[in-house]
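Reading through the structure tokens given below for one structure.
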Number of protein chains: 4
Amino acid sequence: MAEALKTRVSRPIARGEKHQRILDAAISVIAEKGFFQARVSEIAERAGVADGTIYLYFKNKEQILMAAIDSAFAAFLERARAAVSDAAMPPEQRLSRLCQLHLETLGGNRDLALVFQTELRQSARFLAQFSRTRLVEYFDLIRSLVREAQSAGRFRPDISDKIAANCFFGAIDEMVTSWMLSEHQYSLAGAADAVMNVILKGMENRPPAE
Amino acid sequence: MAEALKTRVSRPIARGEKHQRILDAAISVIAEKGFFQARVSEIAERAGVADGTIYLYFKNKEQILMAAIDSAFAAFLERARAAVSDAAMPPEQRLSRLCQLHLETLGGNRDLALVFQTELRQSARFLAQFSRTRLVEYFDLIRSLVREAQSAGRFRPDISDKIAANCFFGAIDEMVTSWMLSEHQYSLAGAADAVMNVILKGMENRPPAE
Amino acid sequence: MAEALKTRVSRPIARGEKHQRILDAAISVIAEKGFFQARVSEIAERAGVADGTIYLYFKNKEQILMAAIDSAFAAFLERARAAVSDAAMPPEQRLSRLCQLHLETLGGNRDLALVFQTELRQSARFLAQFSRTRLVEYFDLIRSLVREAQSAGRFRPDISDKIAANCFFGAIDEMVTSWMLSEHQYSLAGAADAVMNVILKGMENRPPAE
Amino acid sequence: MAEALKTRVSRPIARGEKHQRILDAAISVIAEKGFFQARVSEIAERAGVADGTIYLYFKNKEQILMAAIDSAFAAFLERARAAVSDAAMPPEQRLSRLCQLHLETLGGNRDLALVFQTELRQSARFLAQFSRTRLVEYFDLIRSLVREAQSAGRFRPDISDKIAANCFFGAIDEMVTSWMLSEHQYSLAGAADAVMNVILKGMENRPPAE
DNA sequence: TATGAATGAGTCTTCATTCAT
DNA sequence: AATGAATGAAGACTCATTCAT
């Protein structure tokens, strides 16, 4: 009975832990080598398991990589949603917080930044739907904040929420990319205010100067 | 004899022409399959040459792909420079033209869009300097226009030209990406004004409303 | 001896039953997949035991498969011996009964037919002696009946019992094989008389027609 | 021009030769190891080519093995047809010739015998149609001779040509199998007359003894 | 120059077997 | 005795690159 209980309790944990170790190892390998250069044997090695063990948890190489990217993005999305959940805060300020979180998260995790900037897009193009779905969810989050700001009269009503979201996301995304390619010579999160200073100003609803 | 003569006369052209055919074929294959899924034998087939012939023109697969991407981007950059060369035009209007050209060019060439949005970034990460250099040149073009606009008092002086360029390029780039992933359901170039309406407004130098 | 006794007393039912379940599962898997395509894990699943449990009863995969085939054939041989044990019956009639039994048994058990026709031969070629020995025993049974018929003057004395047994067994065996490959479109046992009508006639001792 | 011609002439030969070398090597490996134990790398080694070269000639492992078996059987079938093509010879004598050829051919080529007796049957069960088709063609050849003998009043009309063919083929086939398993201690072809002495006698049309 | 058959290093994946529980 | 997660050896197959023609 103690045996059974122990087994029932410990196995799931052990299993989950190994599953996660493989996902983490996969992110690390993808970050370093890229999606198509990632080797199953290297993921196994970094996860501290045998090659064959990988296949107890994932159907094939593609599924490992997809799951790894998706799981990383899902976690990111989760935090993003939490960051903008305070309905009491004005929507443009929540967009600022989202920008801050985005730059902080990727600026603080080189592997994540590499994967997001180069591999997520690959997966969006070539691979199954779910990674793309995550991106769409992120966009929808931004768009809903934009519409909210428009409804509140804080953003100009004449701009499309889709285009606004593209400008918002594109500007932030490009900040990450150029930072990533520039070998991180500066603090990414430190640029958040400057970016928002341009983007939000471009959207704000101001009476024409007289 | 007629054969030989024909060969002798046409060769100089033929070489250049064959070289170019390989580059074009490479772009086409990369657009379809992606950088790492592109096969040398498929490039050869589309170029109408034997596999081995590729190696008379390029050292290895990486060099083909790099040269193809670089050459496509170089042509793009050339047109971009020409588009903003009219010093008589106000800088912010030249930025608008650049945006228009960017969206028109990629919106009108699916292969180019695919390569720029997903593979150029890959190459920027993994491959030799020259593709990255092109990107930097494009950025420098944007930054110089931004600085010019600042000097002329049209753009706010308090924003960094680098960040402004990131916002400008990022917004446009994201327009292309989302259009590309959305299966081109709308005219990309048609969105140029809307994007500039946000970005340029975000940079323009206006006295605060009182 | 103490070991044997202990086994016989304590585990007889449980051990024997699980052992047999594995053998049955093995026959079923071999029939479906073939000897070399049979998977240990599938045998374990069909036997309702864990993979590792298999190895408490058998040294390795080859031993399982060998034992399964051997056990199936041993049962068959047992019935064959019983069928021809009536010394009062004329030997050629006993050969007919053997033929009938052979066709009935395999015609009534698809798995057994598949295993006998394709896998027994494999095992005869590649695997240890014991399966082959069973075949030899079956042959010897046939040969002894042939010799008996010759002694009784019912079969021609000029034909070798070995060759006669080959003809007898070969004809029956081929009936099974062609039936098996033809998707069982007809009753196999129903052909027994027709086959014997050829084979026994070929062996019978008749004065030449004048 | 001479170059082109030479290429056009020599290449096909070279290709065909290598193709055949691979088939021969495959037969040899299958004979030794069996269908499912045959390794592509071993076939390549025996054929004197690199592993990858195999795949220039065959789509995958199964295709190699199938082609090898089929080609060997096709050659056998060809000879069989030639052996019984003399319409002037009585049909029962032609059946004897077929038996002789069958036993001679397999008795003289150990690899072929091994492949025919154990692997052809496997392929008939598991693999694509064409090997099975060959077997059917061989059977049809036998059946047509049986029917011819019946029409000529040499064979009893009351037996089915299908069952007669099974007896005929089964007896011969079993001779080969038992010879093969007995380590070839005797001349296989030498047994042809004895086998025919049983089988043909079993089929012959004789008035009942009075 | 041009060809394309040949090469073989490199990787994913399977599955018999082990062993800690 | 029983389990089944973990192992890792083995093997099919791909494809960039070479080189004889």
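Proteins get letters first, then strands, A, B, ... in listed order; numbering begins at 1 in each. Just so we're clear, the structure is a prediction, and the values are computed from it rather than from any experiment.
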Rounded interatomic separation in angstrom, taking [atom1] from [X] and [atom2] from [N]:
X	N	atom1	atom2	value
Leu56(C)	dT18(E)	CG	C1'	11 Å
Gln37(C)	dA16(E)	CD	P	11 Å
Glu62(A)	dC12(E)	CD	P	13 Å
Phe36(B)	dT14(F)	CZ	C1'	17 Å
Glu45(C)	dG4(F)	CD	P	11 Å
Ile54(D)	dA12(F)	CD1	P	10 Å
His19(D)	dA6(E)	NE2	C1'	17 Å
Ile43(C)	dC15(E)	CD1	P	13 Å

Item to check | Side-chain donor or acceptor of Lys61(D) paired with backbone N/O of Ala38(D) under 3.5 Å | outcome: yes

Checklist entry - Is a side-chain donor or acceptor of Arg21(B) paired with a backbone partner of Ala47(B) at a separation under 3.5 angstrom? => result yes

Checklist entry - Between the two ends of the helix from dA2(E)-dT21(F) to dT21(E)-dA2(F), what is the bend in degrees, rounded to 10 degrees, where each end axis spans five pairs? => result 10°

Checklist entry - What nucleotide, of dT3(E), dT13(E), dC13(F), holds the atom closest to the side chain of Asn60(A)? => result dT13(E)

Checklist entry - Which one, dT13(E), dC13(F), dA16(E), comes nearest to the side chain of Tyr55(D)? => result dC13(F)

Checklist outcome for this item: By side chain to side chain donor-acceptor pair (under 3.5 Å), Asp24(D) pairs with (sequence neighbours left out) Gln20(D)

Next on the checklist: Going by side chain to side chain donor-acceptor pair (under 3.5 Å), name the residues that satisfy it together with Thr53(C), two or more places apart in sequence or in a different chain.
Outcome noted: none

Pairs: protein N or O with nucleotides 8-10 of chain F N or O, under 3.5 Å:
residue, atom, partner, partner atom, Å
dG8(F), N7, Gly52(A), N, 3.4

Using OP1 and OP2 only, check whether a side-chain N or O of [X] sits under 4.0 Å from [N].
X	N	result
Tyr57(D)	dA6(E)	yes
Lys18(C)	dA1(F)	no
Lys61(D)	dC13(F)	no

Checklist entry - Around atom CD of Gln37(C), are there more than 12 heavy atoms of other residues, nucleotides or ligands at under 6.0 Å? => result yes

Checklist entry - Hey, which of these two, Val49(B) or Val40(C), hits DNA chain E nearer its 5' end, going by closest nucleotide? => result Val49(B)

Item to check | Nearest non-hydrogen partners of Asp111(B) and Ser28(B), listed with the distance | outcome: OD2-CA, 3.8 Å

Checklist outcome for this item: In short, Ile43(B) meets Ala25(B) closest at the heavy-atom pair O-CB, 3.5 Å

Next on the checklist: Filter on salt bridge (Lys or Arg N to Asp or Glu O under 4.0 Å), then keep only pairs touching residues 28-37 of chain A, sequence neighbours left out; what's left?
Outcome noted: Glu32(A)-Arg46(A), Lys33(A)-Glu42(A)

Checklist entry - Under the ring pair (Phe, Tyr, Trp, His ring centres under 6.0 Å) test, which residues partner Tyr55(B), sequence neighbours left out? => result none

Checklist entry - Does Ala38(B) or Ile64(D) map to a spot on DNA chain F nearer the 5' end, using the closest nucleotide for each? => result Ile64(D)

Next on the checklist: Working to the nearest 0.5 angstrom, can you tell me the gap between Ile27(D) CD1 and Ile64(D) CD1?
Outcome noted: 12.0 Å

